[in-house]
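I have placed the structure first, in the form of C-alpha cells, so that the comments after it can refer back to it.
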Amino acid sequence: MDRQQLKLELLQSLQKMYDMELVAPLLEFCQGEMRVLLYLDAHPAGAREIYPSDLSDALYVTRQRITTILASLRKKGYIITETSKSDRRKTRVRLSKAGSHYVQEKRALADSYFDLLIQTLGEKDAAELNRLGKRAAEELEGLAE
C-alpha cells in the first residue's frame, strides 16, 4: 500500500469511528465542557488554585473559548468560581459537587463503552490498539508547537 492510500484509509477509519453513534459520547471527553470538567476533576481544588488562564494553557483552548465554557458550566452548576485568596484580581475555578457527580456518570458511561470495545476486539487486539494509541501520542507530542 502506498503512503497516500494509507493516509486516506487512516482518515476514513477515523471518520467512520467519529460518525458512529456509539462513539459520540466518548468524543465529549476530548472536547469543550467535558474536557474542562475532567481537568478540574484531575486537579482537586485543595492541591492548588486553578485559573481560567491555566485551563487555556493546559488544554490549548483560547481564553475566549474558556470563558464561554466556564460561563456555561457555572450556569449548569458544575463549577464554582470565586475570587482568589492570594490575588484578588484573579478568579479561581473549582468543580462543584454536581460537577463531580456529572463527571463520575460520564466516566461510568465510558467504562461501559470500553468493556464493549474489549469484548468486541478481544483483550489482545484491544491492548495492541492501546499500545499504538500511546505510541502515536508520544511520537506526536510536541510536534505541533
Side-chain angles (χ1 to χ4, degrees), residues 1 3-85 90-145:
M1 175 181 315
R3 189 177 189 89
Q4 196 61 33
Q5 182 63 30
L6 179 59
K7 290 189 295 185
L8 178 63
E9 288 187 18
L10 281 168
L11 179 63
Q12 289 171 339
S13 293
L14 289 173
Q15 187 65 46
K16 184 174 182 177
M17 288 181 66
Y18 189 86
D19 291 342
M20 293 175 65
E21 184 177 347
L22 184 62
V23 176
L26 284 180
L27 295 176
E28 269 188 281
F29 282 86
C30 304
Q31 302 170 359
E33 292 182 5
M34 193 64 206
R35 194 163 170 221
V36 169
L37 290 172
L38 288 169
Y39 184 89
L40 293 172
D41 188 57
H43 300 85
R48 71 174 183 89
E49 291 187 345
I50 296 175
Y51 306 106
S53 59
D54 296 327
L55 294 168
S56 177
D57 294 343
L59 303 177
Y60 303 103
V61 177
T62 65
R63 291 193 176 14
Q64 181 179 0
R65 178 75 180 120
I66 287 294
T67 299
T68 302
I69 289 170
L70 293 178
S72 176
L73 291 173
R74 189 173 43 251
K75 186 176 181 181
K76 293 175 182 176
Y78 293 159
I79 63 164
I80 297 167
T81 57
E82 50 200 12
T83 302
S84 170
K85 293 175 183 165
K90 293 184 175 184
T91 301
R92 70 182 204 158
V93 182
R94 64 184 173 92
L95 204 55
S96 69
K97 286 182 182 179
S100 182
H101 181 71
Y102 181 72
V103 168
Q104 297 315 312
E105 285 178 352
K106 289 295 188 174
R107 281 205 170 120
L109 180 65
D111 192 54
S112 64
Y113 170 81
F114 287 120
D115 280 339
L116 179 61
L117 180 66
I118 293 168
Q119 178 185 337
T120 303
L121 292 179
E123 287 188 24
K124 183 179 177 185
D125 284 345
E128 180 66 5
L129 177 62
N130 186 46
R131 184 190 72 76
L132 291 170
K134 283 180 177 180
R135 179 170 176 219
E138 289 167 4
E139 296 289 335
L140 294 172
E141 190 173 42
L143 290 181
E145 295 173 356

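Treat the numbers as computed from the prediction; the structure is a model and nothing was measured. Heavy atoms only: backbone and side chains are in, while hydrogens, waters and symmetry mates are out.
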For a quick test of your reading: what N or O donor-acceptor pairs under 3.5 Å do the side chains of residues 106-118 make, sequence neighbours left out?
unit_1	atom_1	unit_2	atom_2	d
K106	NZ	E28	OE1	2.8
R107	NH1	D41	OD2	2.5
S112	OG	L109	O	2.7

Q | Evaluation steps, salt bridge (Lys or Arg N to Asp or Glu O under 4.0 Å), between E138 and R135 | A | CA-CA 5 Å; E138 289 167 4; R135 179 170 176 219; over 6 Å; no
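The line from CE of M20 to CE of M17 is 7.0 Å long, rounded to the nearest 0.5 Å. Between T67 atom OG1 and L55 atom CG the span is 10.0 Å, to the nearest 0.5 Å. With values rounded to the nearest 0.5 angstrom, L40 atom CG is found 7.5 Å from L70 atom CG. Atom OG1 of residue T81 and atom CZ of residue R74 lie 4.0 Å apart, to the nearest 0.5 angstrom. Here the CG atom belonging to L38 is positioned 9.5 Å from the CG atom belonging to L95, to the nearest 0.5 angstrom. Going from atom CD1 of I69 over to atom CE of M34 covers 12.5 Å, rounded to the nearest 0.5 Å.
With salt bridges taken as basic N to acidic carboxylate O contacts below 4.0 Å, none links E49 and K85.
Across all their heavy atoms, G77 and S96 have their closest contact at O-OG, 2.5 Å. What you find for L37 and Y102 is that their closest heavy atoms are CD1-CD2, 3.7 Å.
The backbone N or O of T68 sits nowhere less than 3.5 Å from a side-chain atom of S72 that would complete a donor-acceptor pair. One N or O on the side chain of S56 and one on the backbone of V61 form a donor-acceptor pair closer than 3.5 Å. Not a single donor-acceptor pair under 3.5 Å links the side chain of S84 to the backbone N or O of K90. R35 places a side-chain N or O within 3.5 Å of a backbone atom of L59 that can act as its donor or acceptor partner.
With sequence neighbours excluded, the residues forming a salt bridge (Lys or Arg N to Asp or Glu O under 4.0 Å) with K76 are E33, listed by chain and number.
Pairs engaging residues 6-20 under the side chain to side chain donor-acceptor pair (under 3.5 Å) rule: Q4-K7, Q5-E9, Q15-D19 [sequence neighbours left out].
S53 is listed as a side-chain neighbour of R63, based on a closest heavy-atom distance under 4.5 Å.
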